[in-house]
Structure formats: C-alpha cells, structure tokens
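Sequence lines set the chain letters: A, B, ... in the order given, protein chains first and strands last, and positions in each chain run from 1.
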Protein chains: 4
Amino acid sequence: MGSTARLGSGRRTPKQKRSRQTVQAILDAVVRLLKREGAGAVTTNRIAEVAGVSIGSLYQYFPDKQAIFSALHERHIQEIDQSMQTALVDHASSALPDLLRAIVDAMIDAHARDPELHALLSAQTPPHAEWTRHFAVRLHGVFRLAIAARARELKTRRNPDKLAFVAAHMVESLSHGAMFRRPPGLSLAGARAETVRAILAYLRA
Amino acid sequence: MGSTARLGSGRRTPKQKRSRQTVQAILDAVVRLLKREGAGAVTTNRIAEVAGVSIGSLYQYFPDKQAIFSALHERHIQEIDQSMQTALVDHASSALPDLLRAIVDAMIDAHARDPELHALLSAQTPPHAEWTRHFAVRLHGVFRLAIAARARELKTRRNPDKLAFVAAHMVESLSHGAMFRRPPGLSLAGARAETVRAILAYLRA
Amino acid sequence: MGSTARLGSGRRTPKQKRSRQTVQAILDAVVRLLKREGAGAVTTNRIAEVAGVSIGSLYQYFPDKQAIFSALHERHIQEIDQSMQTALVDHASSALPDLLRAIVDAMIDAHARDPELHALLSAQTPPHAEWTRHFAVRLHGVFRLAIAARARELKTRRNPDKLAFVAAHMVESLSHGAMFRRPPGLSLAGARAETVRAILAYLRA
Amino acid sequence: MGSTARLGSGRRTPKQKRSRQTVQAILDAVVRLLKREGAGAVTTNRIAEVAGVSIGSLYQYFPDKQAIFSALHERHIQEIDQSMQTALVDHASSALPDLLRAIVDAMIDAHARDPELHALLSAQTPPHAEWTRHFAVRLHGVFRLAIAARARELKTRRNPDKLAFVAAHMVESLSHGAMFRRPPGLSLAGARAETVRAILAYLRA
DNA sequence: CATGAATGAGTGTTCATTCAT
DNA sequence: AATGAATGAACACTCATTCAT
C-alpha cells in the first residue's frame, strides 16, 4: 500500500503509477463517451481511442468489456461511500436530524455531481449485479450504525435492521427522485428537507 | 369465395385477432427468452423462433428491436397501473392505512409476479425513457388523489404534491427493495407492513 | 390483335382491358417510384402499393421482378421506335438533311420526355440485355433504310451497314449527350443542329 | 525486436504497402467475382472471401459496399485516362488523323482489355454519378486540346467546345459500339478506321 | 382471380477480442 | 509492455416470393 512508495529504489512505483493512470484514463474515457455520444458509442475500440491508449493496452488492464464497467462502478461507489463515511464520522456526536441531513446531502450531491453517469451506468449493468447489492449493503450498514448509536435518543426497541432497511431505501430513492423526477413546484432544497423529515418521522414513529 | 365475405359477424376481426395474437406471442417470447436464457439471448431472430413466427412477420409488427421492448414495457406498466387503479377504487371509502396497504400490496405483487422480467426489463431500457417518467407520474397521481381525499383525516395543510412525491417514491423503492434487497431476517410480510407503517408515519407527522 | 375487339360478345375484351390497365398501372408505378424515391425504393411490394394493386396481383401479371423492368423497357423502346418510324415515313421523300433532322429530333425528344426514366432504366438492366441490342438493331435498320433510299443523293458506294452503324451510334450518343452532358455554352438547339451537321458530314465525306 | 526499427530503408512503408495490397486484393476480387459469377454474387462477405481477407478488414478500408464500386470505377477511369494522356503526348506533333487514330485506339483498347468489367461496372453505378461526368469532362478536355492545337490545320473558326463535344461523344460511343454492338460484316479494325474517318469528316466539314 | 399475411434466405455491417510485430 | 491490423461470429433487418383464405 503506502509501503511500496517507501522502498529504496522507487523503480516499481512509476510503473504502477503508469498503470493506475492508464486505468484512470480508460475509466474517464468511458464516462466522456457515455456523456458525449451516448451508450451506443461505448465500444472498446472507441474507449481506447478516447483514452489515448491502444486497444491492445486496454486489454492488458481489463480482461473484457464488462470488467471496465465493473471497475467504473466500483470507483463510483467508492466515491459515494467515501462521502458517506465522512458524513458519519463528522456527525458522530451530532443530533439525529443533523446526521440524517448530512447523509442525505452526501447522497444527493453524489447524484448531482454526475447525474448522467449514474443514470447511464445503471442502464449498462444488470440491476442486481454485485455492485448494486454491495452498495445497498454499505448504505444499510451506515444506517445501522447511525441508528444503533442513537437507540436511546429514538427510544425504540424495534429491529434495527428493519429500520435501516427502510431508511436506506428512503434516502436512496428520494435522492434519486429529487434529482430526476422532482415534480414542478418542489425545489431541490425542498426535496432535501422533505427527505430528512420523512426519515425522521419514520424512525420516531 | 364470394360467400366468405357474407358470413356472419367478425370476418374482418380474425385478421386483427391474428395480429394481436402474433404480437402477444412475440412479447411472450421475449419474456420467456429473457427468463430462460438471459438478456444476451434476446436477438430478433431468436425471438421470432421462440414466438413461432418468421422473422419477417416480426418486422411486420415492430419497426425495430427497440420497439419490441417498448411494447413490452407498456404492457407491463399497464398491468401495474391497472391493479393500482383497482386498489384505489376498491378502497375509496376505507381508512388511510387500509388504502395504503392495498396500494403497497398491489405494487409488491406486481413486482412479485414477474420479478426477473421486471429486473431485466429495466436493464434494457434507458432509465429516463418515456415510460419510466410516465409511470412515476401515474403513481404520483394515485397518491395525490388518495391524500387529497383524506386531507381532513390527516389534519394536514401541507403541499399535497410534496406529500405525494415522497409517498410515491417510498412505495416504489420499498416495494422493489422488499422484493430484491430484503435483508436476512426481514420477511416479505414484514417488509410490507413496515412500508405501510413508514408512509403512514410520514403522512401523519 | 385488332380482331379480338371485333368478335361478337365483347365478353373477353373487358377482362383483357382490365389486364392491360393493371399492367399499365404497375409499369407507371415503377416510373413514379423511380422518379420520386430513387432506385432503392423500387421493391415489388412498394410497386404494388403505388400501383394500387395487391402484391399477389402483381405476381399474376409478372413472373418476377425482372420481368417488370423488361416490360417497362419494351414499352419505352416501342415508344421511341414509333416516333422513329413516323419520322421515317413522314420524310420519305424529303431531302436527307430534313430526314436526319427529323430522326435526331425524335431521338432527343424521346430522351427529353422522360430523362430520369431513361437514365434510371439503364442503371437497372444489364447493359447488354436483349432490349439494348434490340434497340440498336432497330436504329441501325432505320438508318439503313434511310441511307439506302438515298444512295444516289449521297453518291456513295460504301457499305451501307458501315454507314448505318456509325450514324446510328452518333445519333444515339449525341442525343443522350445533348440531354445530359451538354457543355456550358452549347444550347440544346445548338446540339441538335450540330448532331445533324456531324452525321451529314460523315455520310457525305 | 529492437533491431527491426534499425533496418535499412522502408520499415514504415510495409504498413502502407500492406494496406494498398489489401485494397488491391479487394478490388481484384470484385472483378473476379463479377466476371466469374455475375453481379448477383458480389456480396461483401463473398468479396472478402475471394480477396482472402476477413470481412472486418474489408470494412477497415471501405466504409460501405458502394465505396468499393466507386474505388473500382476510379481505378478503371484512371487507367483509361492514363492511356489517353499518353496518346495525346505521344502524338503532340503528329498530323490530326494520326492523333485521332491514337485516341480511338486507346479508347477501344481500354474497352477491349476488360469488356465484361466495363459493362458490369456501368450496370452497378448510377449513370450520372460523379465519375461518369468526370470522365466526360476529361475526354472533352483531351479533344479541346487536340483541336485547339490544330486550329490552323483544320482551317476552322468554329467554337472548339462544340467540336470537342461532338468528337468526344463520337469516340466514346463508337468505341463502345465497336466493342459491343458491331454489326456482322464489320470488323473491329474496320470499326476503328471508320470511327477515325467519321470524326475527321466532321472536324473538316 | 384478388388479397395481403407470412415466409426465410440472405444482406450489409459491427465490435469484442486476438496476436504478430 | 505497447501497438493496431486483422479477425469472424453474430446481429438487425430487407424484400422477392408464396399460398391460404
């Protein structure tokens, strides 16, 4: 991990850095293509071209096309996951509404940052692929933690899994909805607030 | 010869009935293929084969491959929409919890009836296609109606659009989640009940 | 030929008239399609549609697609041939320049009447098909006759076949050229006159 | 390995030479197919097969089927054009009859070299395509040059464009006719001579 | 005879993947 | 490692033709 960089020569590091850069370039190329020319234009040859690498090199780093999408998904999830983790830590000792607010914000921001990407990505991958499941589990975990830590505040003895299940789905669905299907007359800010209010209402019921 | 034109009632309809049967056969073939052999096996020639019609006939009824998926979506949505409408009417004078329960049941049942189909279908269509939007609008409408009719019971003066937005997303997301991402230890029945409880909690908050 | 129309009952005539009308309709449909939508649009089904007959009926009158083009060619040639014959007869006792002028006019007019048709037709049929040969022979014949009848005026004893060969090609090529490849600065009338002059020069040389 | 880059002269050219060879192979394959099995056998897959390349390679060099025919035409025209140019230069200071004879020979030889190809090719391309026009212009130009340079010999003040127009059409038409529609009793040599005589007669009239 | 739904062999074309250089 | 020309299985789609009604 960090240790490779510390070893004497530093000879292997540049190679690995190059690799990572190539992988990044390929992943970025997919995103650019997806946004600029639509899903139909995302062919391996085109990806390689846009990434500025040869098609041969592309296959050096990814065994097949699907692997590229998987990697992209993973990267995307990790980014969201990261901001979730941060929200959780930052508000470890805040009141529940504040924490919820932070989580919802993180989620919406993640969607807002790259809305087309998110949309097109889900169209490209089987909806029950590993990553979807994985993401659900992570989000579920975030809420389990958040809820467990505030069991007293909530005065509830209900199954925390059940609560987390509902809360996680609410945040995901409403974040997505706030971004893409907001009805006229409901601002993004309004949707944010309403999402928090809804989850709170549920948890406190 | 000349007499055929004189025979009783529906001499023109068989032509149309046959058409409808062919279209049905094609749509059913897609579903069968999707379930039995996965999305990769859904080629136009294979569809025609499984449907028991010639590829030429298939193209007599659908201008291109995408049109087949669109038709399938439309059929699927209409089925869900139907059961939603029914729930709404059947519980026109029930108490809110009963109505909500009926709506959630209709939604989950629709997902449960053909879970793979639903899943694979969404993978095939751009997520912001007309039908997705259309369905969201329909669901939203169902809730607006349900909530408006019970404004007094809810003792609320909040924007019904806002309430409907949140409620609709909760139903859709949690129905889907109940079907596909239920955590171990949460039964389908439990998820159903919890979904209703959550929506109620929100509406009454 | 003419006799069928003279026979008693007249029962068969309408049927034959209908047939001829259908055939005409089909032939006209090809021309219309060719002109309006280009060669690519000329499919048997489309022809039938434009002609206002069913595809089945079309195949009642023509064994296959190629036969339609053949019939069209034949009709086209007969029209040109007709006007050629007329020119020949009308100027049976005119001087050579006048006759030549009449033939050239007939030829150019034939091209001018339906230039696209003529062009597209040649693109559709193998260039050495029967009809092309046939047409060449007819034109050749016309000139043989015209030249033979004026051998004294021409004071020539050269092989009339040779003269006819050259004259026929000149008239065909220059008529076509006058229509389609006239250089800027050369009017159609000018091209007409020049064609006559050129043939005369050759015949008198 | 590394040494390959150091070897003598043309190490980059093989890439281009290979390309040219492939293109040549494809073009030749079309000609072979056209001659051996007729126009109906000329499918892209068959071309690739006969050319000994994969269908994928074929599409690397030609965007679509039509482009192959266009390239073939261009090649064919350039060959004829070449021999025309040569005739013009070789007889720059010859008398007009000799020059005419050379041009007619070049034209007839071009047709004689590959008569079926020429015939089938014209059947494949719209008769007013760019190349046809282009060729007419070239031929016209050749004659303008030839005539202009001999204005004194011809003692003519007539519009050289008019003269060239007629002469060019005579050469083209009579060369083609000499090849394909020669009447019995007229030898190829006879047709050649007669063509020259006819053009001379016209120019001197 | 007319109809037009049905047929299916065959077409042009794409694109993930390989491998000689 | 990198390259990119070459590959070819597979696909969506067309259209001349048939035949049951």
Interatomic spacing from OH in C/Tyr61 to OG1 in C/Thr22 - rounded to 0.5 Å: 4.0 Å
B/Asn45 side, atom CG; B/Leu58 side, atom CG - distance, nearest 0.5 Å: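 The CG atom of B/Asn45 sits 8.5 Å away from the CG atom of B/Leu58.
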Which nucleotide wins on minimum distance to the side chain of [X], given the candidates [options]?
X       : options               : value
D/Thr22 : F/dA6, E/dT17, F/dT18 : F/dA6
D/Val53 : E/dA2, F/dT7, E/dT13  : F/dT7
D/Gln60 : F/dA6, F/dC13, F/dA2  : F/dA6
C/Ile55 : F/dT3, E/dA5, F/dC13  : E/dA5

Can you measure [X] atom [atom1] to [N] atom [atom2] for me and round it to whole angstrom units?
X       : N      : atom1 : atom2 : result
B/Ile26 : E/dA5  : CD1   : C1'   : 12 Å
B/Lys65 : F/dA10 : NZ    : P     : 14 Å
D/Phe69 : E/dG12 : CZ    : P     : 9 Å
B/Gln21 : E/dA6  : CD    : P     : 10 Å
C/Leu33 : F/dC15 : CG    : C1'   : 14 Å
D/Phe62 : E/dT14 : CZ    : P     : 15 Å
B/Leu58 : F/dC15 : CG    : C1'   : 15 Å
C/Gln66 : F/dC15 : CD    : C1'   : 16 Å

side-chain N/O [X] vs [N] OP1/OP2, d < 4.0 Å:
X       : N      : answer
A/Arg18 : F/dA2  : yes
D/Ser57 : F/dA5  : no
C/Thr43 : F/dC15 : no

First of C/Thr44 and A/Ser54 reached from the 5' end of DNA chain F, by closest nucleotide: A/Ser54
Comparing C/Gly56 and C/Tyr59 on DNA chain F - which has the more 5′ nearest nucleotide: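 Result of the comparison: C/Tyr59.
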N/O donor-acceptor pair under 3.5 Å between B/His76 side chain and B/Leu72 backbone: no
Sugar-phosphate only, base, or nothing, as touched by C/Asp64 at under 4.0 Å among non-hydrogen atoms: sugar-phosphate
Base of F/dC13 paired with side chain of B/Asn45 (donor-acceptor, under 3.5 Å): yes
Close side-chain approach of A/Phe69 to A/Val42, heavy-atom, < 4.5 Å: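 Touching, per the 4.5 Å side-chain cut-off.
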F/dA5 pairs with, by Watson-Crick or G-U criteria that keep both distances under 3.5 Å: E/dT18
Heavy-atom pair of closest approach, residues C/Tyr59 and C/Thr44: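 Looking at all heavy atoms of both residues, the closest pair is OH-CG2, 3.5 Å.
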